[in-house]
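Letters A, B, ... are given to chains in the order of the sequence lines, protein chains preceding strands, and every chain is numbered from 1.
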Protein chains: 2
Amino acid sequence: MRGVAVGERTPDAVVPEVPLDRTSPVPLYFQVATRLQQLIEDGGVPVGSRLENEVELAERLGVSRPTMRRAIQYLVERGMLVRKRGVGTQVVHPKVRRPVELSSLYDDLAKTGRDPRTEIRLLEVRPAPDHVAEALGVAPGSEITWFERLRYASGEPLAIMHNAVPTDVLAIERADLERRGLYELLRAAGRVPRMANQVVGARTATGAEARLLGEGRGAPLLTMTRTAWDESGRAVEYGSHLYRASRYSFELTLTI
Amino acid sequence: MRGVAVGERTPDAVVPEVPLDRTSPVPLYFQVATRLQQLIEDGGVPVGSRLENEVELAERLGVSRPTMRRAIQYLVERGMLVRKRGVGTQVVHPKVRRPVELSSLYDDLAKTGRDPRTEIRLLEVRPAPDHVAEALGVAPGSEITWFERLRYASGEPLAIMHNAVPTDVLAIERADLERRGLYELLRAAGRVPRMANQVVGARTATGAEARLLGEGRGAPLLTMTRTAWDESGRAVEYGSHLYRASRYSFELTLTI
DNA sequence: CATGTGACTTTGTCCTGACAAAGTATTGAC
DNA sequence: GTCAATACTTTGTCAGGACAAAGTCACATG
C-alpha cells in the first residue's frame, strides 16, 4: 500500500532531484530547464504525464518559485510542456519543436552529409541596385559585395544563388566563400543573423537557368528572396535564389 | 541651455505616462507592452532611439520592475526592442514582425479585401489513408473528414486544397466550409492551431490541375503540405495544397 | 439522478529587495 | 597622448511573499 499525501493531486511523473551548481555562470533557471528537457527526451518523464505543481517542484529542487517558473516557461515556449491554470503542467512532446531555423543552405547540406560544393561565378564590389538597396534599407548606391554562386549537393547542381552584403558589414573574400557558407562567415564575424523576411514562390526555368542546373527548359524552380537582420536590427544580407524543385523543398515548423 | 541629470545617461526617447487600469482583467504588463508598442508604431518613440532605463521607467509608469521587465521582454520577443546589459534598451523596428502567422489562406484574402470564394468539390467521412494518418499521428484507418476545395480570389481561381480533419476533433459541415475558412472553424470550436509543420515545394501542373486553375499545361505550381497541432499537442488538420505560382507566394518572417 | 455550490488545487500576476555581470565613461599614471 | 585601473550605469538573476483566477472534485440538495 502506498501512502498518498493529503491535500494535493498525485502527479503522473516525479522529477528526480537535480544537481545544481550555484557557482556556475550558467543561470539556475537554465540548469533546471536543461535537466528537465533531458529527462523528457530520455523518457524519464513520459509524454502525456503531469508534473508536480510548481511550488512543490521548486521546493524539492531547492530553487525559488520564480526560478522554477522561468525554467518551465522556457520549455513551454519550446513546445515540450503545456500548462493550464487550476490543472497543472503536462508533457506534450518528447522533442523540442524549433520555431524555424535561420540557417543557410550550406549548413543544412553539410549537416545531412550531402557534401556541399560551391562554384563562385561572379564576385564584385559595386553600388547597390535600387531594389537591393530598398530590401536592405540602405541608401541607393551604397557599396555592397554582389556575388553569384552555383551550389552543388552530392555532386549535382542544386541552386543558383545571388547575394548582396554591405561592405561595411563584412568584407567577403572569394576563398572563404568557396569553403564555407555565407551564414557561417557572418556568424564568425559577429554579425549573427537573428531575423529574416522570406518570400517563397515558383516559376519555370529559362534556357540559361535550366542549362546551369542540369534541368530541361521549362522545369519548375522554387524561388526565394530573403533579407536578414542581426540582433541590432541592421540588415546583413539580401539574397535571391533559385532551387531545382525536383531536388529541394523548404520545411519549416512554426508557432503562433 | 538644457539641464542634464547627474548620475544617469540621457535617453533619446521619453515614454509618456501610461494610463493603467488596475481593475481590468488585462494584466498590467500587457497594458504597458501594448501602449509601448503603439507609441513605437506611431513614431512617438522613434526607431533607433534608446529608452530610459527600466528602473526609472517602472517608477514613472507606476509599476514594479519585474512587471516593467515583462512588458519590455514581450516586445523584445516580437523583435521591436533590443536590450544589452550595461547599455540599455533600443528600438529596432517600428512594426511587429510576427514570427509567422498561423492563419489560413481564407483569412489572409479576406483581410486584404480580395473577396475569397470557395467551391467544395468533395466532402466525405472516410478512414484515413496511411500517409495522412502518419502525418496526423493517428492510427491508420481512423475516421477523418476529407475534402477538396477550389479557392477563388477576386473571381480568379487561386488554389486547389485537400484537407483532412479527424472527426473527433471537429465535425465539418459543408455549409460552414463554404462561408468560412477552415482555421476560423477550428478556432470557433476551441481547437486553436498553435503549431504547424509545413513543406513548401514546386512542380508543374498536370492537365487536369491546369484546367481547374485556368492555367496552361505545365504551368508552375507552388505545393504546400501542412500538419497543424493545437496547444495540447493534438493534430487538428492535415492539408496538401496547390497554388498558382503566377498569383501567389509565401511570405514569412522568422526569428531565431 | 442531475446539478450547482463550495472547498481546494494549481497556475497567473504583482510586489519589494538584493546582488552579479557586462558595458561605458572617467580618471590617473606613465 | 596612451593605456590601464576605477567608478558608475544598466540589465540579468534570484529570493520570498501575497493575492487572484481558473479548473477540479466531492458533497449536499432538489
Side-chain angles (χ1 to χ4, degrees), chain A residues 4-13 15 18 20-34 49-77 81-91 190 231-232, chain B residues 4-13 15 18 20-34 49-77 81-91 190 231-232:
Chain A
V4 173
V6 187
E8 139 201 354
R9 283 176 220 154
T10 46
D12 301 333
V15 178
V18 176
L20 296 177
D21 181 0
R22 283 175 184 271
T23 68
S24 158
V26 179
L28 270 182
Y29 77 89
F30 196 77
Q31 293 184 39
V32 174
T34 306
S49 63
R50 231 194 68 233
L51 300 185
E52 301 160 78
N53 70 68
E54 64 186 28
V55 177
E56 194 188 330
L57 213 46
E59 212 166 288
R60 202 151 56 71
L61 301 193
V63 298
S64 72
R65 194 182 155 209
T67 301
M68 193 64 228
R69 277 182 67 79
R70 191 159 175 190
I72 292 174
Q73 189 55 36
Y74 179 80
L75 296 183
V76 168
E77 275 157 17
L81 298 177
V82 164
R83 336 190 64 192
K84 266 193 200 128
R85 197 192 298 200
V87 179
T89 306
Q90 218 179 355
V91 182
E231 61 173 2
S232 70
Chain B
V4 173
V6 186
E8 139 198 358
R9 285 174 219 154
T10 47
D12 302 333
V15 178
V18 176
L20 296 178
D21 180 1
R22 282 176 185 271
T23 67
S24 159
V26 179
L28 270 182
Y29 77 89
F30 196 77
Q31 293 184 41
V32 173
T34 307
S49 62
R50 229 193 74 232
L51 299 185
E52 302 160 77
N53 70 67
E54 64 186 29
V55 178
E56 194 188 328
L57 211 47
E59 211 167 287
R60 202 152 54 69
L61 300 193
V63 297
S64 71
R65 194 182 154 210
T67 301
M68 193 64 227
R69 277 182 67 79
R70 190 160 175 189
I72 291 175
Q73 188 56 36
Y74 179 81
L75 296 182
V76 168
E77 274 156 17
L81 298 177
V82 163
R83 336 191 63 192
K84 263 192 203 134
R85 196 193 298 202
V87 180
T89 305
Q90 219 180 356
V91 181
E231 62 173 2
S232 70

Which atom names give the shortest non-hydrogen contact between B:F30 and B:V26, and what distance separates them?
-> CD2-CG1, 3.8 Å
In whole angstrom, what separates B:L20's CG from C:dT13's C1'?
-> 14 Å
Heavy-atom closest pair (A:L20 atom, A:L61 atom, distance to 0.1 Å) is CD1-O, 3.5 Å
Mind running a 4.0 Å heavy-atom check of residues 27-34 of chain B against DNA chain C and sending the residues that fall below it, in number order?
-> B:P27, B:L28, B:Y29
Of all heavy-atom pairs between B:R22 and B:G62, which one has the smallest distance, and what is that distance?
-> NH2-O, 2.8 Å
Specify the closest pair of heavy atoms between B:Y74 and B:A33, including all atoms of both residues, with the distance to one decimal.
-> CD2-CB, 3.7 Å
Nearest to the side chain of A:R85, which nucleotide is it out of D:dA22, C:dC14, D:dT10?
-> D:dA22
Hey, does A:T67 reach any base, or is it just sugar-phosphate, or nothing, if we go heavy atoms under 4.0 Å?
-> sugar-phosphate
NA contact type, A:R69, heavy-atom cut-off 4.0 Å: base, sugar-phosphate, or nothing?
-> base
Which of these nucleotides, D:dT10, C:dT13, C:dC15, is closest to any side-chain atom of B:V63?
-> C:dC15
For B:V87 against B:R50, the heavy-atom pair lying closest together | O-NE, 3.6 Å
Report the distance from atom CZ of A:R70 to atom C1' of D:dC14, rounded to the nearest whole Å.
-> 10 Å
Of the candidate nucleotides D:dT24, C:dT13, C:dC15, which contains the atom at the shortest distance from the side chain of A:V87?
-> D:dT24
Phosphate OP1/OP2 of D:dG12: any B:R83 side-chain N/O under 4.0 Å | yes
Interatomic distance, B:E54 CD vs D:dT13 P [rounded to whole Å] = 11 Å
Is the base of C:dG17 touched by the side chain of B:R65 through a donor-acceptor pair closer than 3.5 angstrom?
-> no
Contact under 4.0 Å: B:R22 side-chain N or O vs C:dC15 OP1/OP2 = yes
Between C:dT11 atom C1' and A:L51 atom CG, what is the distance in whole Å?
-> 13 Å
Out of C:dT11, D:dT10, D:dC14, which has the shortest distance to the side chain of B:R50?
-> D:dT10
Taking every heavy atom of B:V55 against every heavy atom of B:R65, the minimum-distance pair comes out as CG2-CD, 4.0 Å
May I have the distance from B:Q90 (atom CD) to C:dG23 (atom C1'), rounded to whole angstrom?
-> 14 Å
Check whether any side-chain N or O of B:T89 sits under 4.0 Å from OP1 or OP2 of D:dT11, and answer yes or no.
-> yes
Atom-to-atom span, NZ of B:K84 to C1' of D:dT10 - whole angstrom = 13 Å
Check the distance between D:dT13's P and A:M68's CE and give it to me in whole angstrom.
-> 16 Å
Would one find more than 12 heavy atoms of other residues, nucleotides or ligands at under 6.0 Å from atom CD of B:Q73?
-> yes
Give, for atom CD of B:E54 and atom CE of B:M68, the distance between the pair rounded to the nearest 0.5 Å.
-> 8.5 Å
To the nearest Å, how far apart are A:E59 CD and D:dA15 C1'?
-> 14 Å
